[in-house]
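A quick write-up on the structure given underneath.
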Amino acid sequence: MTEEMIIAGFGGQGVLSMGKILAYSGIMEDKEVTWFPSYGPEMRGGTANVTVILSDTRISSPIVKHFDTAIILNQQSLDKFQDSVKPGGTLLYDPNGIIHPPERTDINIYKVDATVTAVEMGNPKVFNMIVFGSYLKVRPILTLDNVEKGLEKSLPVRYHKLIPLNIQAIKKGQEIVESVLEV
Amino acid sequence: MTEEMIIAGFGGQGVLSMGKILAYSGIMEDKEVTWFPSYGPEMRGGTANVTVILSDTRISSPIVKHFDTAIILNQQSLDKFQDSVKPGGTLLYDPNGIIHPPERTDINIYKVDATVTAVEMGNPKVFNMIVFGSYLKVRPILTLDNVEKGLEKSLPVRYHKLIPLNIQAIKKGQEIVESVLEV
Amino acid sequence: MAKVIGAVVVDKEGCKGCNLCVEACPHDVLNLNKEVNSRGYHYSYMENPENCIGCANCGVVCPDTCITIYRMKI
Amino acid sequence: MAKVIGAVVVDKEGCKGCNLCVEACPHDVLNLNKEVNSRGYHYSYMENPENCIGCANCGVVCPDTCITIYRMKI
Amino acid sequence: MELKDLIKPENLVYDKSKVQRDVYMHYCPGCSHGVVHKILSELIEELDIQDKTIGIAPVGCAVFAYNYIDVDWQEAAHGRAPAVATGVARLNPEKFVFTYQGDGDLASIGSAEIMHACNRGENILVIFINNGIYGMTGGQMAPTTLEGMVTSTTPSGRNTDLNGYPMKITNLIAELPGTSYVTRQAVHTAAAVRKCKRSVKKAIQNVLDKKGTSFVEVVSTCNSGWKMTPDGANKWMAENMLPYYPLGDLKDSIKGEPISEN
Amino acid sequence: MELKDLIKPENLVYDKSKVQRDVYMHYCPGCSHGVVHKILSELIEELDIQDKTIGIAPVGCAVFAYNYIDVDWQEAAHGRAPAVATGVARLNPEKFVFTYQGDGDLASIGSAEIMHACNRGENILVIFINNGIYGMTGGQMAPTTLEGMVTSTTPSGRNTDLNGYPMKITNLIAELPGTSYVTRQAVHTAAAVRKCKRSVKKAIQNVLDKKGTSFVEVVSTCNSGWKMTPDGANKWMAENMLPYYPLGDLKDSIKGEPISEN
Amino acid sequence: MAEIRLMKGNEVLAEAAIRCGCDGYFGYPITPQSEVMETLMAREPWNETGMVVLQAESEVAAINMLYGAAGTGKKSMTSSSSPGISLMSEGLSYIAGAELPCLVVNVQRGGPGLGTIQPSQADYFQAVKGGGHGDYKLIVLAPSSVQEMNDFVDLGFELAFKYRNPAMILTDGALGQMMEKVELAEFKPRWTEEEIENKFGVWASTGKKTNRDRNVVTSLVMDSEEMEQNNLRFQEKYKKMEEEEVRYEAIQCEDADFIIVAFGTCSRVCLKSVELARAKGLKVGLLRPITLFPFPNKIIKELARKSKGFLSVEMSAGQMVEDIKLAVYEAGSTVRVNYYGRMGGIIPTPEEVVDALEDKFSWEISYGVKRSY
Amino acid sequence: MAEIRLMKGNEVLAEAAIRCGCDGYFGYPITPQSEVMETLMAREPWNETGMVVLQAESEVAAINMLYGAAGTGKKSMTSSSSPGISLMSEGLSYIAGAELPCLVVNVQRGGPGLGTIQPSQADYFQAVKGGGHGDYKLIVLAPSSVQEMNDFVDLGFELAFKYRNPAMILTDGALGQMMEKVELAEFKPRWTEEEIENKFGVWASTGKKTNRDRNVVTSLVMDSEEMEQNNLRFQEKYKKMEEEEVRYEAIQCEDADFIIVAFGTCSRVCLKSVELARAKGLKVGLLRPITLFPFPNKIIKELARKSKGFLSVEMSAGQMVEDIKLAVYEAGSTVRVNYYGRMGGIIPTPEEVVDALEDKFSWEISYGVKRSY
Ligand SMILES: Cc1ncc(C[n+]2csc(CCOP(=O)(O)OP(=O)(O)O)c2C)c(N)n1
Ligand SMILES: Cc1ncc(C[n+]2csc(CCOP(=O)(O)OP(=O)(O)O)c2C)c(N)n1
Ligand code: SF4
Ligand code: SF4
Ligand code: SF4
Ligand code: SF4
Ligand code: SF4
Ligand code: SF4
Ligand SMILES: [Mg+2]
Ligand SMILES: [Mg+2]
């Protein structure tokens with residue numbers, strides 16, 4: 001199993017930390033992982049994206065041209081990465097602020113209204129965990145158990161009390177994700 | 001004509017400037033010239049030497065292993081350079097302070113008592129010009145006329161009044177040089 | 001004594017919602033908008049335009065030079 | 001009052017003839033020799049040894065630490 | 001009276017300088033750099049020296065200053081702006097040359113270059129943005145970081161035993177005979193900005209009059225690096241930075257005046 | 001009484017220190033470097049710290065200092081001795097570390113390193129030989145060269161318009177809170193040598209007591225570079241250098257003391 | 001049991017330093033490697049192992065602090081990125097000249113000049129040919145994973161001390177910023193003063209004991225004959241490294257017609273290119289130099305005899321390609337060595353490498369034989 | 001009539017600068033080149049041509065002053081020797097990245113580290129491969145006589161301005177300290193502000209006129225795509241130099257069995273070696289690269305086809321020899337390239353070069369045919 005994915009959105013949406021939890025959860029399943037962020041001063045208030053690869057074997061290139069999965073959290077990122085999803089691959093997006101939704105017809109497209117749901121849940125910070133949950137639903141490559149362990153590993157101990165809330169958000173995400181197109 | 005020579009002695013004996021006047025005089029005869037000094041902090045009160053080459057044609061190596069002529073002004077330099085004179089070449093030295101005189105038998109050896117003569121002339125500074133005169137006597141490769149022109153060129157104008165004295169010293173040197181061995 | 005009145009125009013898109021003008025205004029004229037501009041910032045606007053005396057404090061402190069100020073005596 | 005007498009020994013070969021000890025001596029004990037040492041320097045020596053009080057000024061200023069000093073009360 | 005009657009060209013009292021280029025700046029919201037850029041743009045316009053001004057941009061958050069102030073620029077290596085400015089000014093004595101440097105740039109890596117340019121009395125203006133931190137690289141300790149201040153390389157606060165003392169480099173600069181005007185200003189209030197502008201104007205005038213080096217420190221905020229809101233940063237600065245870096249002129253004399261005798 | 005009765009071990013009052021190595025020094029006759037070397041050797045012996053001393057030699061005429069004082073040494077790149085000393089001292093806090101630097105080394109190329117080592121209050125001794133010239137390289141202008149002084153790069157005398165001002169770097173060093181003891185001494189007379197030795201002793205003791213940076217400037221001669229006789233140089237120094245670089249302690253306090261308030 | 005973590009390359013450099021018993025780190029912030037010092041400062045190893053971490057006033061100061069620290073026999077290191085490493089050139093030359101063991105990390109970014117902060121490999125020449133003056137060599141290690149970022153800290157120190165020579169980890173912004181699973185090493189105690197004295201008493205300046213002559217750490221030798229002897233000794237040392245310390249990884253090279261040569265980040269990309277090419281039926285192998293100096297000449301010479309061509313893939317205008325050509329020439333071979341690369345901070349994709357290979361060796365691929373110039 | 005003088009190489013660099021209309025010199029003393037600045041200071045050209053001469057506080061400052069001066073379109077230069085040039089590495093990379101024309105002189109001495117002050121050629125790699133970070137090239141001129149020390153100042157500026165690229169004169173302590181007869185150039189006026197504006201108004205920062213956009217001198221390009229374009233442009237420029245600016249001298253190479261390759265001081269020595277060898281009946285020629293970058297590859301390729309071997313003679317551990325091998329390899333030849341050199345400040349003698357040649361090519365000499373590896 002090798003899953004090559006990109007997560008992209010605004011800085012502040014928790015893009016990098018979602019990738020990190022993913023990677024940590026992968027480690028809990030004894031997978032090889034690579035987390036490769038874009039970096040630079042434009043990150044200050046600008047866009048952020050991270051390539052995450054999980055694999056059962058040695059990971060070769062951290063630079064990926066065609067992704068198995070793209071998790072897209074704003075229009076800019078959608079425009080930039082839509083075409084990079086492999087035919088038959090998966091694109092998951094939050095429709096908030098999206099004016100031009102994805103147009104590909106050869107990939108699986110899902111959407112999750114995480115922005116709205118997070119506000120509804122009374123905590124905008126769980127936004128990225130809702131998205132993460134949706135991802136786990138459509139690409140069940142990790143068990144929730146290991147994700148919980150991943151959370152434990154990636155969060156400093158003082159934040160461990162927030163893990164139940166995060167798990168709740170993940171479950172919520174699993175519930176609310178909608179299929180737009182399945183190929 | 002190519003004359004490759006070394007002039008060596010204590011710093012302060014006017015080794016470098018003798019070389020310079022030689023070189024300038026060479027230029028006056030339209031020769032190619034190279035003046036290559038040893039340099040370094042050991043010069044402060046230590047030894048000094050300079051390789052001078054005069055030639056009618058393009059000068060190749062400024063680094064010379066075997067010299068046509070060596071002008072030697074102290075024991076250290078004699079020890080160091082005696083063996084570098086080409087068989088049949090010329091060694092001119094001032095015996096002052098020399099404990100072990102040159103021992104080669106295959107070269108022309110001359111000596112000039114310039115230290116003493118300079119004191120006698122009432123001006124220790126003309127020491128090197130006396131030596132120079134001796135050299136010109138045994139290796140008449142330059143005319144006195146051109147040497148005078150060379151002096152003019154190499155001395156700052158404010159010292160031009162000293163040229164007659166220098167010429168006098170040169171002439172003195174030409175007089176007093178003694179042949180020790182001619183092969 | 002002549003009264004001085006003033007008005008400011010905020011470059012909505014240029015504003016980064018830093019709130020410095022709001023703090024700098026001696027007459028509580030300005031505030032940050034609930035809405036965001038296209039760059040995601042809650043931009044500054046005249047909440048109480050009638051209070052403005054055109055003192056230009058807001059303009060002077062704005063790091064992004066988004067405020068143009070008008071003043072007249074009446 | 002007890003009189004103090006002194007004497008110095010100059011390391012002839014180490015001396016560079018800088019003359020600083022000569023200048024530093026309050027009793028004109030030292031001078032530079034007419035002769036040179038093997039390194040070509042006019043080395044310092046006690047010209048007027050009887051004047052020496054062993055004050056060590058000469059030793060203290062010598063940059064090449066060539067002077068050893070002895071003193072005794074008589 | 002309606003706003004549209006008021007908002008008319010004849011009533012305009014404050015507007016963006018023509019010397020400021022019409023682009024968005026990359027600075028974080030509320031960053032002091034923007035305010036100082038504005039002051040410079042306005043003065044270059046007011047003094048009508050756009051065509052003779054050459055700015056030297058640093059490496060630091062102001063590295064893109066050349067995109068904001070519409071004059072000729074040179075981007076200098078980190079810390080070396082005073083040397084670059086020296087090269088420019090010596091060969092172009094009729095130009096107005098200024099450097100624009102951060103505290104990391106000027107007081108750390110570039111401390112030799114600033115001391116010597118000021119000691120030579122190069123005829124330049126130095127703008128020194130002291131925000132007590134390395135903004136550009138993500139908030140590391142600068143030489144001017146206050147004791148106890150948290151940065152990414154002093155996560156438990158600057159400890160003078162380990163990291164040394166906050167450096168009042170402007171005080172040292174004032175001691176150098178090459179400088180003629182040395183002042184410390186801030187831009188955290190409208191009054192401070194106006195005062196700062198007057199100081200910078202005087203400093204520029206000094207350079208135009210070939211009086212030697214003029215040096216303007218601007219005690220500034222870096223709300224991102226300090227992890228505060230922009231107003232919070234201004235307040236923190238007033239309460240913490242200004243007592244250690246008090247505002248005012250440190251020197252207003254003529255070039256060549258000797259430093260304190262001892 | 002005969003000399004041979006006087007010249008006996010029991011009457012010995014002054015001799016070469018055992019810490020000074022038994023080799024001829026390469027310095028020009030009458031060079032101040034030798035005197036300062038002697039002071040250091042004597043004190044290292046007196047304080048019995050030979051086995052914990054690490055000296056940092058500069059690039060300058062004293063580059064071979066390691067051949068003369070019998071302790072462990074590191075030869076530093078030109079100007080960087082304070083950084084080298086920092087590396088040594090931080091990792092070896094129980095050693096006694098000193099730098100020995102010329103005015104070109106310390107006040108020109110190495111000005112950033114010396115300012116920052118002193119600002120951090122590195123627990124080291126800095127010996128600063130200010131002879132107003134670059135001795136080693138043949139007598140070029142140094143930052144401390146006096147106005148009007150002739151050197152090979154100021155053949156018509158130092159002109160402050162072109163070359164800037166003679167720099168009183170020790171005064172700046174004294175302003176830095178990391179230094180605890182800062183003094184300016186000379187070695188041109190026996191009295192000055194004795195006084196200088198007392199200062200160096202105090203400075204070393206400060207370092208042994210971990211009081212931060214101690215800094216001893218020695219106003220010195222370079223008779224070769226100045227093109228004078230050794231005594232002539234001493235006189236010239238007393239008449240010309242000392243009025244500009246007056247002798248005495250500039251600071252004797254505890255590390256961390258703030259610099260003059262403004 | 002070994003500790004497994006997910007860490008950034010930069011963070012792991014810091015953690016590995018602490019664990020391998022490093023005594024001191026001196027650095028100056030620069031993107032994309034500031035996390036090295038930041039991690040160290042947050043870890044406060046001075047409380048744990050006694051390791052000293054100091055933010056220097058500049059890279060020039062940092063490299064000279066390193067000189068001082070290394071000169072006392074302590075395990076010391078610095079890290080920086082391209083412009084900062086340039087500033088260290090004089091210091092590196094001094095360190096090499098004084099034969100001080102230490103570790104320098106270059107997390108490369110795109111140049112020349114201020115350039116970009118994105119990853120690059122354009123400091124290859126600087127690292128392997130000597131950016132500073134004079135004839136000297138660094139031992140240059142090129143990690144290609146976060147795990148190797150970890151492993152090469154200890155290895156770098158080991159080689160540095162073995163040869164009394166500075167070692168460099170030449171990596172780039174991608175590896176510095178990337179997180180991967182890493183197995184951390186066990187903690188090793190720092191050397192005590194006695195151990196250092198025993199190991200290096202011969203040369204380190206630790207304070208002159210009565211039982212030995214003073215130690216002088218220096219690169220100065222005024223006498224040319226003596227300095228030449230020094231130089232010859234250095235050259236001997238470098239030769240020994242070439243004989244004994246070459247490290248590389250050869251992947252699917254046995255039957256390969258074409259050998260891609262790539263190090264660091266590029267080698268990861270090219271690993272995938274090999275897969276892609278093989279999938280297309282092209283017999284491609286990957287040679288990954290791990291030591292850039294000493295360069296794996298011997299294996300290249302061997303491969304030169306059996307392969308139809310080499311492709312050097314670099315994030316530079318083509319630097320390592322010269323060393324490959326030199327090895328091929330010295331093998332008496334004239335097989336073609338091509339270069340493909342990206343610059344400005346761009347990492348090539350696996351696909352474009354395959355395209356480049358097909359393009360540059362289209363003749364060889366069509367005719368199935370090698371061609372020389 | 002041209003003025004003939006006897007001058008030191010270092011002095012002539014200064015005189016040539018004044019005469020060619022140089023606007024500014026920035027330097028810091030270092031043996032064996034301090035006479036350059038000393039001569040300038042004594043000449044006081046500011047009174048004569050208006051040229052500015054400034055003693056900087058360090059080499060780092062000097063190179064950055066040069067950056068500033070060159071950035072205003074002025075003809076500016078610096079000089080130093082090996083350790084000082086290392087300190088300039090960052091600045092040189094910036095100058096290359098900002099494409100500023102200027103002249104840098106390296107009067108080399110023996111390294112690494114403080115080393116010796118005697119002549120050396122061990123900064124060859126640093127000069128031609130780029131001592132600083134990133135992909136950049138200097139135009140490198142190697143004079144071999146005091147006359148060329150004179151001529152290459154003007155030539156260096158000419159090429160620097162033609163390509164908007166820093167040029168370097170790579171020479172050594174021997175040529176710097178040596179006096180020879182030199183024919184000085186006529187005085188050229190310095191460019192006026194208008195001439196600079198006309199020539200370089202496009203890029204130099206001379207003060208923004210209303211009729212043009214502001215000029216920015218920078219090497220910073222945050223965007224990688226754009227930075228890559230920059231890099232590609234630089235590479236184009238370097239390629240153009242390789243096509244158009246190669247300079248060399250080939251002496252008695254037509255019929256030569258063996259080609260000695262040497263530059264600078266070594267080439268003078270080898271000129272005599274050729275005489276000595278020919279006198280012994282060995283057909284030896286001398287190829288003297290004048291431009292080290294661009295390197296005279298073409299002529300080497302030609303000679304590779306007809307000769308039986310190359311001997312690179314260097315005052316280093318063997319640096320240029322790599323470039324010769326690369327050229328030979330690219331000629332599809334496997335003819336042997338050997339190296340002979342001295343280090344530590346020692347200049348080889350003509351005799352030892354001949355001995356080395358006979359020794360290293362004894363096989364070829366005995367059998368009269370070429371041999372490959
Ligand atoms: C030689 C070198 N070292 C380090 C850096 C990284 N760097 C860029 S900006 C900067 C410091 C910025 O701080 P400051 O000068 O205070 O400016 P600010 O961003 O706070 O305005 C550093 C260390 C660099 N670009 N070059
Ligand atoms: C990087 C570098 N630049 C320049 C030099 C040349 N250099 C050697 S010593 C020296 C200055 C010496 O002057 P100072 O420090 O005052 O010591 P002094 O000889 O006067 O005691 C210089 C410039 C060098 N060795 N290294
Ligand atoms: S001009 Fe003055 S009163 Fe009006 S909004 Fe601005 S600060 Fe307030
Ligand atoms: S100060 Fe400027 S940027 Fe900040 S909120 Fe006000 S208008 Fe907006
Ligand atoms: S000890 Fe005193 S009195 Fe005696 S020679 Fe020396 S200085 Fe003169
Ligand atoms: S001070 Fe020392 S070196 Fe100088 S003359 Fe006296 S004894 Fe000799
Ligand atoms: S990081 Fe700090 S200095 Fe930089 S732009 Fe943001 S607030 Fe300003
Ligand atoms: S040159 Fe000057 S500093 Fe150097 S040894 Fe001679 S007198 Fe002393
Ligand atoms: Mg800052
Ligand atoms: Mg000095």
Side-chain angles (χ1 to χ4, degrees), chain B residues 2 4 6-7 15-44 46 48-68 83-84 86 142 146-147 149-156, chain H residues 3-11 31-35 42 107 109-110 116-119 144-147 172-183 249 251 262 264-276 286 288 313 315 342 345-355:
Chain B
T2 296
E4 296 173 327
I6 179 116
I7 314 175
V15 160
L16 300 185
S17 60
M18 192 195 322
K20 215 158 144 180
I21 293 164
L22 240 160
Y24 254 117
S25 308
I27 291 182
M28 295 304 119
E29 299 208 351
D30 255 348
K31 297 198 190 313
E32 299 300 317
V33 302
T34 288
W35 174 98
F36 181 49
S38 66
Y39 65 92
E42 78 281 0
M43 283 179 60
R44 202 165 282 157
N49 69 68
V50 59
T51 301
V52 179
I53 307 175
L54 304 184
S55 179
D56 294 327
T57 53
R58 177 177 178 180
I59 294 171
S60 57
S61 180
I63 304 304
V64 175
K65 206 172 158 185
H66 304 296
F67 298 96
D68 297 307
D83 288 344
S84 308
K86 285 184 194 162
L142 296 165
N146 282 321
V147 169
K149 283 195 208 140
L151 274 167
E152 261 169 45
K153 269 279 184 187
S154 68
L155 292 177
Chain H
E3 204 178 329
I4 305 266
R5 293 231 208 125
L6 179 73
M7 287 176 93
K8 277 196 179 190
N10 285 336
E11 292 164 355
T31 310
Q33 64 79 54
S34 297
E35 295 89 353
V107 184
R109 54 190 251 182
T116 115
I117 57 176
Q118 301 303 320
S144 74
S145 64
V146 174
Q147 184 65 51
D172 64 58
L175 282 158
Q177 295 296 328
M178 186 189 295
M179 289 210 274
E180 292 190 316
K181 188 163 107 176
V182 58
E183 186 176 325
E249 189 182 12
I251 295 164
T265 294
C266 271
S267 71
R268 293 285 294 270
V269 170
C270 293
L271 193 54
K272 185 142 174 190
S273 307
V274 169
E275 288 167 26
L276 297 175
L286 171 66
R288 172 169 82 90
V313 178
M315 274 137 64
R342 298 299 300 265
I346 298 178
I347 306 175
T349 63
E351 289 79 1
E352 66 186 278
V353 171
V354 176
D355 292 348

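So you know, we letter chains A, B, ... as the sequences are listed, proteins then strands, and number each from 1.
Your options are H:L175, H:T116, H:V269, and the one with the most heavy-atom pairs under 4.5 Å with chain B is H:V269.
Looking at H:E352, neither its backbone nor its side chain comes within 4.5 Å of chain B, counting heavy atoms on both sides. Proximity to chain H (any heavy atom under 4.5 Å) is shown, for B:I53, by neither the backbone nor the side chain. For a residue to count as touching a neighbouring chain, one of its non-hydrogen atoms must lie under 4.5 Å from one of that chain's; by this rule H:E351 touches chain B with the side chain only. Looking at B:K31, the atoms closer than 4.5 Å to chain H (heavy atoms on both sides) all sit in the backbone: N, CA, C or O. With a 4.5 Å cut-off on non-hydrogen atoms, H:I251 touches chain B through its side chain but not through its backbone. With a 4.5 angstrom heavy-atom cutoff, H:P119 touches chain B via backbone and side-chain atoms both.
Remark: H:K181 NZ to B:L54 CG distance equals 10.5 Å, nearest 0.5 Å. In this structure, CD on H:E180 lies 11.5 Å from CH2 on B:W35, to the nearest 0.5 angstrom. In this structure, B:L22 CG and H:L6 CG are separated by 10.5 Å, a value rounded to the nearest 0.5 Å. Taking CD of B:E4 as the reference point, atom NZ of H:K272 lies at 3.5 Å (rounded to 0.5 Å). For the atom pair NE2 of B:H66 and OG1 of H:T349, the computed distance is 7.5 Å after rounding to the nearest 0.5 Å. Put simply, CD on B:E32 and CD on H:Q147 are 9.0 Å apart, with the number rounded to the nearest 0.5 Å.
Closest heavy-atom contact between B:Y39 and H:Q177: CD2-CG, 3.4 Å. B:K153 and H:I4 get closest at one heavy-atom pair: NZ-O, 4.1 Å. Scanning all heavy atoms of the two residues, the minimum distance from H:I347 to B:F36 falls at CD1-CZ, 3.9 Å.
A heavy-atom distance below 4.5 Å is not found between the side chains of B:I27 and H:R5.
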Stepwise side chain to side chain contact (heavy atoms under 4.5 Å, CB included) test for H:R268 and B:I59: CA-CA 8 Å; H:R268 293 285 294 270; B:I59 294 171; 3.9 Å; yes

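Residue B:S60 forms a side chain to side chain contact (heavy atoms under 4.5 Å, CB included) with just one option from H:L271, H:L276, H:V274, and that option is H:L271.
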